[in-house]
2 protein chains.
Amino acid sequence: MANTKQKAVKARRLFTDEAYEILKRRILDNEWPAGHLALEQELAAELGMSRTPIREALIRLEKEGLVEVRPRHGMRVLGISAEDMEEIYEILTCLESMAAELVAKRGLTDQQRAELNAAVNDMDTALAQDNLETWAKADERFHKLLVDYCGNRRLKSLVEGCFDQAHRARLLTLKLRPKPTSSNEDHRATVNAIERRDPTAAREIHRLHRMRAGEMLVEILNKHGLSSL
Amino acid sequence: MANTKQKAVKARRLFTDEAYEILKRRILDNEWPAGHLALEQELAAELGMSRTPIREALIRLEKEGLVEVRPRHGMRVLGISAEDMEEIYEILTCLESMAAELVAKRGLTDQQRAELNAAVNDMDTALAQDNLETWAKADERFHKLLVDYCGNRRLKSLVEGCFDQAHRARLLTLKLRPKPTSSNEDHRATVNAIERRDPTAAREIHRLHRMRAGEMLVEILNKHGLSSL
DNA sequence: TGACTATTTAATGTATACATTAACATATTC
DNA sequence: GAATATGTTAATGTATACATTAAATAGTCA
């Protein structure tokens, strides 16, 4: 049997990676809400693998701040308190405004400019149609593009980590917040500053944008007593 | 091996944590330079434990960007290129200047002000005595205090992660860089801005300080062709 | 010789075994 | 009945076993 030709097996940490992806997905999609508990053995049985890859996946998720591994009670999905949100937005504020500055410094390719503008336009049309879900997706796309184009891979990865942590809280506050009209204007202004190669303006505009967004979200969380979601 | 009547054990991830600490120490202290290779089995034998805790420690170190786990060649200590240093300093620039802003906003306790000033004073005396080692330690202490006092634990942890990654490169460039006179002045100015509760000034002063420091280090690395150390 | 294949080696990813011990339940004492 | 002591359970941390497969080596034929 000609099995020596090309087996096409290349993945190495197949199960560990799979467990990591599945668990992360469940957390981000809110399938497992904050506080959800799960035992290593349960997970292993459910995912059809042994405890070893589960443990390794949990270590990674713990490092990302998504779960907490408690000595005898298994893993617990971490919640986001108003204070957590404040911390996260302070970090996003400075990292993303640095990203905006860097993008303005290095300039955009035509392709990149098109994508950025497309994201802002999508935000506008979504807002005009009162479609908050779509708006949120376009907004997230904009922020991701920004850190993508800044050229600093570490920064990108840190920002994405923050995004993941704040993701569920953002989803939940989406309906509670006022119409994000000014967000769209802010983003246009940022793109504008980037296009005219003004790093300082890009940084400052985006910094103020993120600061306001963060303060608003924290206020909402506090007002609704969403201490840990 | 480990069943020979050990002391009353109470910690839970004793070996994993121990392996993590030991390996991290070796990397930070440059006992293992960039590029150093080690096999899981070797490490297990050397540290007197099985491969399991070693693996778990390596996963953590990999997430911190200190090592790379390569499919068949064991773990490899990651080096820092000039580009890496640039990325790290861009991140430090914005995170730390945010920290300075936050500290200025919330103000210092007497104790905190004393500690910050002590760090700057130590930097001055070390510089007067041409003791770069001591200067570097005081400088690091200053930066650590800043993120410590800002009240944002996530920010603190991210900054410390950057510090760890850049640590060896900083050690090496310490003798190659010009006398860090302006660093001390910058720090005094930052403390000053914090003491008079001027968040914007604190942020901007510290931002420029970090930016310059980063640019200088990158230049040194490039000039000396230290592509990966 | 040199490219190409078969064979061996060894490091890994995963599964499983096992001793430990925190958490819970039950029993005991006053 | 409350508090403490004792026993039981079960989840974990670690060790070990094992199958897989990338890399190294030897072997084969042009």
With sequence neighbours excluded, what pairs up with [X] under the side chain to side chain donor-acceptor pair (under 3.5 Å) test?
X        : answer
B:Arg25  : none
A:His206 : A:Glu96
B:Thr16  : B:Glu56
A:Asn117 : A:Glu195

(request) Return the residues of residues 56-66 of chain B meeting this criterion: a heavy atom under 4.0 Å from some atom of DNA chain C. Order them by number, or give none. (result) none
(request) Just jot down the salt bridge (Lys or Arg N to Asp or Glu O under 4.0 Å) partners of B:Arg72, sequence neighbours excluded, or say none. (result) none
Output a table of nitrogen or oxygen pairs between the protein and nucleotides 7-11 of chain C separated by less than 3.5 Å.
| unit_1 | atom_1 | unit_2 | atom_2 | d |
| --- | --- | --- | --- | --- |
| C:dA11 | OP2 | B:Gln41 | NE2 | 3.2 |
| C:dA11 | N3 | B:Arg72 | NH1 | 2.3 |

(request) Determine which pairs satisfy ring pair (Phe, Tyr, Trp, His ring centres under 6.0 Å) with at least one residue from residues 65-115 of chain B, sequence neighbours left out, and list them in order. (result) none
(request) Would you mind listing every ring pair (Phe, Tyr, Trp, His ring centres under 6.0 Å) that reaches into residues 146-167 of chain B, with sequence neighbours excluded? (result) none
(message) Once side chain to side chain contact (heavy atoms under 4.5 Å, CB included) is applied, do any residues pair with A:Arg76, and if so which ones, sequence neighbours excluded?
(response) A:Leu37, A:Glu68, A:Arg70, A:Leu78
(request) Using only side-chain N and O atoms of B:Thr16, determine if any of them is under 4.0 Å from OP1 or OP2 of D:dT14. (result) yes
(message) Can you see if the side chain of B:Ser50 gets near the phosphate of D:dA15 - specifically, an N or O under 4.0 Å from OP1 or OP2?
(response) yes
(request) Taking only Lys NZ, Arg NE, NH1 and NH2, and the carboxylate oxygens of Asp or Glu, determine whether B:Glu115 and B:Arg141 approach each other closer than 4.0 Å. (result) no
Length of the line joining [X]:[atom1] and [N]:[atom2], which is rounded to integer Å:
X       : N      : atom1 : atom2 : result
B:Leu47 : D:dA15 : CG    : C1'   : 15 Å
A:Arg51 : D:dT16 : CZ    : C1'   : 14 Å
A:Leu43 : D:dA10 : CG    : C1'   : 16 Å
B:Met49 : D:dT16 : CE    : P     : 13 Å

(request) Would you please say whether a donor-acceptor pair under 3.5 Å links the side chains of A:Thr109 and A:Gln111? (result) no
(request) Applying ring pair (Phe, Tyr, Trp, His ring centres under 6.0 Å), name anything that partners A:Phe142, two or more places apart in sequence or on another chain. (result) A:His187
(request) Give the stems involving DNA chain C, where a stem is 3 or more consecutive Watson-Crick or G-U wobble pairs (i with j, i+1 with j-1, and so on) under 3.5 Å. (result) C:1-30 with D:1-30
